[in-house]
Amino acid sequence: MFLSLRAEVESALETALSALDYPTDDLGIEEPPEDVDSVLASSVAFRLAGEAGAPPPQVASAVADEIDADELTYVAAIETQGPYLNFLPSEAYLENTLETATAADYGALEDRKESVVVEHTSANPTGPVHVGRARNPIIGDAVANLLDYAGYDVDRHYYVNDAGRQMAVFTWAYETFDEDDLEGEPERDRPEYDLVRYYRKGNAFLENASEPKVADAEAEIESIMQGLEAGDDEAYERVSEVVDQVLGGMKACLARLPAEFDEFVKETRFMRNGDTDDLVARLKELDEAVYEDEAWQLELDAHGIEKNLVFLRADDTSLYPTRDLAHHEWKFEEYDNAVTVLGEDHTLQADQLRTTLELLGNDTEGLRQVLYSYVNLPEGKMSTRRGTGVDLDDLLDEAIDRAREEVEERMDDRIRDDDLGDEDVERIAHQVGIGAVRYDIVSKQPSKAITFEWEQALDFEAQSAPYVQYVHARCCGILEEAGLDSAADLEGQDVDLESVDADLLETPEERELLETIARFPAVVEEAADDLQPHQIATYTRTFADRFNAFYRECPVLAEDVDPEVREARLALVAASKHTVANALSILGVAAPRSM
RNA sequence: GGGCACGUAGCUCAGUCCGGAAAGAGCGUCGGACUUCUAAUCCGACGGUCGUGGGUUCAAAUCCCAUCGUGCCCGCCA
């Protein structure tokens with residue numbers, strides 16, 4: 001609805017400015033501050049003042065006079081306040097919003113008939129997922145949800161680095177050492193916790209063992225890498241033995257968030273099918289290609305990148321970026337757009353990748369990268385190899401435990417003694433605990449550095465997931481109390497939507513809530529265009545504030561509420577419910593029916 | 001040394017891309033509100049040279065330049 005109103009305002013302003021012989025290149029449309037009663041505003045009068053030879057307020061009224069609000073559907077009136085033009089919403093605007101938002105899929109934009117692949121996480125299968133990387137699945141999943149909501153056909157990929165040296169080291173270690181050689185028991189009964197001990201053991205061995213022993217090990221590691229490079233099945237099977245087990249465990253961890261994938265794309269795929277070899281041949285043909293210091297490289301300084309891109313070693317083995325180029329060309333064939341969620345330390349590689357893809361003749365317009373900075377511990381970086389860091393599983397467990405305590409504590413002093421059974425407590429503990437972790441991460445701009453601290457990550461107070469989730473629970477409570485099914489469209493239920501009249505929603509709290517609901521699709525659109533899910537989180541907070549104000553001032557089910565007002569408010573609650581449920585689903589945060 | 005990012009209230013952050021209406025939240029502190037559709041809520045108070053210095057503009061947290069501080073990158077690792 002907001003999108004229609006904005007379109008209407010734009011065209012009305014443009015017409016008015018043309019009629020007055022003013023330029024229309026900048027309409028100065030903006031959202032007014034909170035204490036102003038309009039939904040949209042324009043500061044165009046400032047810009048025109050010079051040309052008009054009149055002070056801005058005078059220009060503003062001239063423009064306002066030129067627009068006939070009666071001809072507009074969603075605008076009731078245009079008022080000037082000093083130099084500003086304010087567009088007030090019409091009854092039809094609120095009416096339509098209320099009607100549209102009572103549908104369960106409110107906020108989902110029209111199908112764009114465009115596909116996009118969102119690649120995220122793609123952590124090396126070396127061990128348990130730690131919190132340092134946790135931003136990736138959480139942001140990535142939200143970006144994918146957001147694009148899905150914005151009308152794209154979305155696939156989620158995890159790119160598996162199963163061809164690098166680290167995987168050869170891992171495979172060698174797994175085949176070489178026995179349980180007896182390892183230190184300690186697995187921290188959890190899952191394959192990645194078991195196998196990571198071999199990985200750490202192998203790396204420690206390479207650092208500390210005597211020179212001849214290390215040389216033997218290196219020879220074995222080298223042979224695995226050569227086997228992979230040649231695309232031979234035996235080497236692939238050996239590495240897969242490790243990779244598939246570890247990946248299975250990591251998958252289970254990520255599923256807890258939940259972050260699910262449509263496909264796990266293995267790097268070795270592009271070595272086995274010959275794509276990497278073809279790509280190397282094409283790279284060698286480029287003007288930028290040089291053979292220098294016993295390796296094939298690309299000189300990219302003419303394209304603003306100082307660092308050469310090495311794409312083939314002297315022994316003819318490829319490197320990660322080489323395979324990633326083949327991988328991306330494959331993505332371009334399969335999808336209209338490709339989004340990658342990457343740690344900020346990959347910024348340079350991302351630039352090299354894009355530039356090289358262009359040199360190879362690809363159109364990279366549909367390729368976009370979302371960069372985020374790592375979560376560090378107060379004492380420094382987290383590392384799988386060194387075993388420093390907090391496992392994501394532990395964080396989630398702790399979050400759930402704390403949430404459970406919280407639920408139980410609150411049960412004691414609840415006013416309404418509703419029947420929360422053990423299952424409900426467990427459900428709420430999971431929804432709130434995991435929701436809080438996700439929300440805390442997804443609500444911040446990815447470029448900001450985060451230092452992990454338990455207390456902060458697990459704060460259930462306001463401006464966190466539970467604050468927003470609580471609004472959803474309140475909505476469901478009211479709807480269910482009224483005998484309605486909170487999960488479904490209102491249409492077809494025991495509410496006569498035809499007779500619901502937005503006119504009856506006349507308090508400022510009701511109107512502001514409805515205006516906030518109206519903005520939701522526009523927020524989805526902008527967040528999707530910018531690939532910024534945190535905008536959705538920001539919106540949920542504003543929304544929750546508005547809903548709580550409504551909740552405080554406007555009883556829905558009380559005896560003394562006029563039946564027609566009650567129906568209208570019920571419709572508003574249903575609209576609120578769908579809005580907050582859908583916003584939370586974009587963020588990947590559960591929306592509890594009760595808390 | 002070069003490149004990129006970040007710096008807004010004691011703390012954690014919105015707002016910055018696309019300049020506009022006396023800078024907004026939460027936490028913390030202090031003081032209030034549960035016979036009411038769930039108090040994980042709400043109301044009020046205190047708290048700001050938007051790192052610093054210049055510039056552009058009718059207008060700068062927002063754009064430009066410089067500078068300081070912090071993080072990341074500058075591997076034939078991934």
Side-chain angles (χ1 to χ4, degrees), chain A residues 26 28 30 32-36 41-43 45-47 49-50 55-56 81-84 86 122-124 126 161 163-167 267 293-297 304-308 310-315 317-321 324 343-349 351 371 373-374 376 403 406-407 409-410 413-418 428 432 440 443-445 447-451 453 456 459-467 469-471 473-482 530 532 534-535 537-538 541-542 544-545 548-549 551-558 561 569-570 573 594-595:
Chain A
D26 187 351
E30 60 198 56
E34 271 187 48
D35 52 337
V36 174
S42 168
S43 59
F46 283 112
R47 246 141 297 167
Q81 192 171 330
Y84 294 96
N86 282 312
S122 303
N124 289 355
T126 50
N161 303 164
R165 186 185 141 81
Q166 287 309 313
M167 292 324 299
E267 210 180 340
D293 301 327
E294 300 187 340
W296 279 94
Q297 336 196 347
I305 299 173
E306 295 298 321
K307 181 89 189 80
N308 278 10
V310 177
F311 62 89
L312 196 67
R313 299 184 180 99
D315 62 3
T317 53
S318 61
L319 290 93
Y320 177 86
D324 203 24
E344 63 169 351
D345 52 337
H346 289 65
T347 311
L348 174 62
Q349 293 85 325
D351 287 345
L371 298 163
S373 70
Y374 286 115
N376 289 321
E406 201 79 19
V407 182
E409 194 175 307
R410 285 164 202 274
D413 43 37
R414 297 175 80 78
I415 307 171
R416 196 174 80 175
D417 186 29
D418 49 1
I428 295 166
V432 168
D440 180 57
S443 61
K444 291 169 186 165
Q445 285 186 42
S447 54
K448 305 240 181 185
I450 295 184
T451 301
E453 275 161 72
Q456 219 171 280
D459 183 4
F460 297 146
E461 290 300 317
Q463 264 196 7
S464 71
Y467 175 70
Q469 290 174 313
Y470 191 59
V471 165
R474 277 181 156 175
C475 289
C476 290
I478 295 174
L479 293 171
E480 276 159 29
E481 190 77 19
D530 297 346
Q532 292 184 342
H534 85 270
Q535 290 182 14
T538 303
R541 274 200 291 265
T542 314
D545 288 345
N548 285 326
Y551 186 89
R552 183 183 73 240
E553 298 297 331
C554 307
V556 180
L557 303 175
V561 177
R569 287 184 178 168
L570 267 177
V573 172
S594 61
M595 284 175 70

Novice: How would you label the contact of A:F46 with the nucleic acid (heavy atoms, under 4.0 Å): base, sugar-phosphate, or nothing?
Specialist: base
Novice: Rounding to an integer number of angstrom, what distance separates B:G44 and B:G53 when you compare their P atoms?
Specialist: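 These two P atoms come out 34 Å apart once rounded.
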Novice: Given B:A39, B:U12, B:A5, which nucleotide is nearest the side-chain atoms of A:Y551?
Specialist: B:A39
Novice: List the atom of A:V471, the atom of A:A544, and the distance in Å for their closest heavy-atom pair.
Specialist: CG2-CB, 3.7 Å
Novice: Calculate, to the nearest 0.5 Å, the distance between atoms CG and CD belonging to A:D351 and A:E306 respectively.
Specialist: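 Those atoms lie 12.5 Å apart.
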Novice: For the side chain of A:D345, starting at C-beta, report the closest nucleotide among B:G15, B:A21, B:C72.
Specialist: B:C72
Novice: Can you tell me which nucleotide in B:C42, B:C77, B:C58 comes closest to the side chain of A:R552?
Specialist: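 Selected nucleotide: B:C42.
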Novice: Measuring from the side chain of A:D530 (C-beta onward, heavy atoms only), which nucleotide among B:C18, B:A21, B:A14 has the closest atom?
Specialist: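 For the A:D530 side chain, the nearest candidate turns out to be B:C18.
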Novice: Rounded to the nearest angstrom, tell me the gap between atom CG in A:D351 and atom C1' in B:C73.
Specialist: 11 Å
Novice: A:Y320 has a side chain; which of B:G75, B:C13, B:A78 sits nearest to it?
Specialist: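 Nearest listed nucleotide: B:A78.
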Novice: Roughly, in whole Å, what's the span from CD in A:Q463 to P in B:C42?
Specialist: 11 Å
Novice: Quick one: label A:H346 by what it contacts on the DNA or RNA (base, sugar-phosphate, nothing), any heavy atom closer than 4.0 Å.
Specialist: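 Base contact - A:H346 has a heavy atom under 4.0 Å of at least one base atom.
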Novice: Of all the nucleotides listed (B:C37, B:U16, B:A40), which has the minimum atom distance to the side chain of A:V556?
Specialist: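 Selected nucleotide: B:C37.
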Novice: How should the glycosidic conformation of B:C34 be described, syn or anti, under the criterion that syn lies within 90° of 0?
Specialist: syn
Novice: Rounding to the closest angstrom, what is the interatomic distance between B:A14 and B:C4 at atom C1'?
Specialist: 23 Å
Novice: On a whole-Å scale, what distance lies between the P atoms belonging to B:A21 and B:C63?
Specialist: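 Those two atoms are separated by 15 Å.
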Novice: Take atom CD of A:E306 and atom P of B:G75, then tell me their distance rounded to the nearest Å.
Specialist: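 Distance, rounded to whole Å: 12 Å.
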Novice: Check the phosphate of B:A78 against A:N161, side-chain N and O only, distance under 4.0 Å to OP1 or OP2. Yes or no?
Specialist: no
Novice: Nearest to the A:R165 side chain among B:C58, B:C77, B:G26, which nucleotide is it?
Specialist: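 My answer, after comparing the listed nucleotides, is B:C77.
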Novice: Give a yes/no on whether any side-chain N or O of A:K448 is located under 4.0 angstrom from OP1 or OP2 of B:G7.
Specialist: yes
Novice: Using every non-hydrogen atom in the two residues, find where A:G343 and A:L371 come nearest and quote the distance to one decimal.
Specialist: O-CD2, 3.8 Å
Novice: For A:Q532 and B:C18, what is the distance between atoms CD and P respectively, to the nearest whole Å?
Specialist: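 Distance check: A:Q532 CD to B:C18 P gives 12 Å.
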Novice: In whole angstrom, give me the gap between the C1' atoms of B:U62 and B:G51.
Specialist: 16 Å
Novice: Among B:G15, B:C42, B:C4, find the nucleotide with the atom closest to the side chain of A:T347.
Specialist: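 Taking heavy atoms from C-beta onward, the closest nucleotide is B:C4.
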Novice: Taking atom types as they are modelled, is there a donor-acceptor pair under 3.5 Å from the base of B:A21 to the side chain of A:N86?
Specialist: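 Flag set: donor-acceptor pair detected.
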Novice: Mind checking the C1' distance from B:U35 to B:U12? Whole angstroms is fine.
Specialist: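 Approximately 38 Å lies between the C1' atom of B:U35 and that of B:U12.
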Novice: Touch check for A:E294, heavy atoms < 4.0 angstrom, all strands: base, sugar-phosphate only, or nothing?
Specialist: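 If one applies the 4.0 Å heavy-atom cut-off, A:E294 turns out to touch a base.
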Novice: Provide, to the nearest angstrom, the distance between the CD1 atom belonging to A:I478 and the P atom belonging to B:C37.
Specialist: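 Distance check: A:I478 CD1 to B:C37 P gives 10 Å.
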Novice: Check whether any side-chain N or O of A:R313 sits under 4.0 Å from OP1 or OP2 of B:C77, and answer yes or no.
Specialist: yes
Novice: Which whole number of Å gives the distance between the C1' atom of B:C50 and that of B:G7?
Specialist: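 About 10 Å, rounded to a whole number of Å.
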Novice: Say you pick atom C1' in B:A61 and the same atom in B:C17; how far apart are they, in whole Å?
Specialist: 14 Å
Novice: Using a cut-off of less than 4.0 Å, is there contact between a side-chain N or O of A:R474 and OP1 or OP2 of B:A39?
Specialist: yes
Novice: Indicate, with a heavy-atom threshold strictly under 4.0 Å, whether A:I450 touches base, sugar-phosphate, or nothing.
Specialist: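 A:I450: no heavy atom of the nucleic acid under 4.0 Å.
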Novice: Do you know the tightest heavy-atom contact between A:L312 and A:T317?
Specialist: CD1-O, 3.5 Å
Novice: Nearest-nucleotide wise, let me know which of A:D440 and A:Q81 is further upstream toward the 5' end of RNA chain B.
Specialist: A:D440
Novice: Closest heavy-atom contact between A:F311 and A:L319?
Specialist: C-CD1, 3.6 Å
Novice: Would you check if A:V556 and A:L570 make a side-chain contact, meaning some heavy-atom pair closer than 4.5 Å?
Specialist: yes
Novice: Select from A:D35 and A:N124 the residue whose nearest nucleotide in RNA chain B is closer to the 5' end of that strand.
Specialist: A:D35
Novice: Within the structure, does a side-chain N or O atom of A:R541 lie under 4.0 Å from either OP1 or OP2 of B:A25?
Specialist: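 Result: no.
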Novice: Does OP1 or OP2 of B:C42 have a side-chain N or O of A:Y467 closer than 4.0 Å?
Specialist: yes
Novice: Checking only heavy atoms, does the side chain of A:Q166 share a donor-acceptor pair with the base of B:A78 at less than 3.5 Å?
Specialist: no
Novice: Within the structure shown, what part of the strands sits under 4.0 Å from A:A41 by heavy-atom distance: base, sugar-phosphate, or nothing?
Specialist: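 If one applies the 4.0 Å heavy-atom cut-off, A:A41 turns out to touch a base.
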Novice: To the nearest 0.5 angstrom, please state how far the OG atom of A:S464 sits from the CZ atom of A:R541.
Specialist: 9.5 Å
Novice: Quick one: which of B:C73, B:A78, B:A40 gets closest to the side chain of A:V432?
Specialist: B:A40
Novice: Can you measure A:E553 atom CD to B:U41 atom P for me and round it to whole angstrom units?
Specialist: 18 Å
Novice: Show the numbers, then the answer: is there a side chain to side chain contact (heavy atoms under 4.5 Å, CB included) between A:V36 and A:N86?
Specialist: CA-CA 8 Å; A:V36 174; A:N86 282 312; 3.6 Å; yes
Novice: Defining pairs by Watson-Crick or G-U wobble geometry with both distances under 3.5 Å, how would you list the stems of RNA chain B with at least three pairs each?
Specialist: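 Stems (3+ consecutive pairs) listed as B:1-7 with B:68-74, B:10-13 with B:24-27, B:29-33 with B:41-45, B:51-55 with B:63-67.
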Novice: From the options B:A21, B:A40, B:C72, select the nucleotide whose nearest atom is closest to the side chain of A:F460.
Specialist: B:A40
Novice: Would you say that A:Y551 contacts A:V573 through its side chain, given a criterion of any heavy-atom pair below 4.5 Å between the two side chains?
Specialist: no
Novice: Would you mind classifying the nucleic acid contact of A:T538 as base, sugar-phosphate or nothing, using non-hydrogen atoms under 4.0 angstrom?
Specialist: sugar-phosphate
Novice: Below 3.5 Å, does any donor atom in the side chain of A:Q349 face an acceptor in the base of B:A78, or the other way round?
Specialist: yes
Novice: Have a look at A:C554 and say if it touches a base, only the backbone sugar-phosphate, or nothing, with a 4.0 Å heavy-atom cut-off.
Specialist: base
Novice: How close or far is atom P of B:C37 from atom CG of A:L557, stated in whole angstroms?
Specialist: 9 Å
Novice: P atom, B:U52 versus B:G69: distance in rounded Å?
Specialist: 15 Å
Novice: Tell me the closest heavy-atom pair linking A:A45 and A:P83, and the distance in Å.
Specialist: CB-O, 3.4 Å
Novice: When we call it a touch if two heavy atoms are under 4.0 Å apart, what does A:P32 touch: a base, just sugar-phosphate, or nothing?
Specialist: base
Novice: Closest approach of A:M595 and A:I428, non-hydrogen atoms and distance?
Specialist: CA-CD1, 3.7 Å
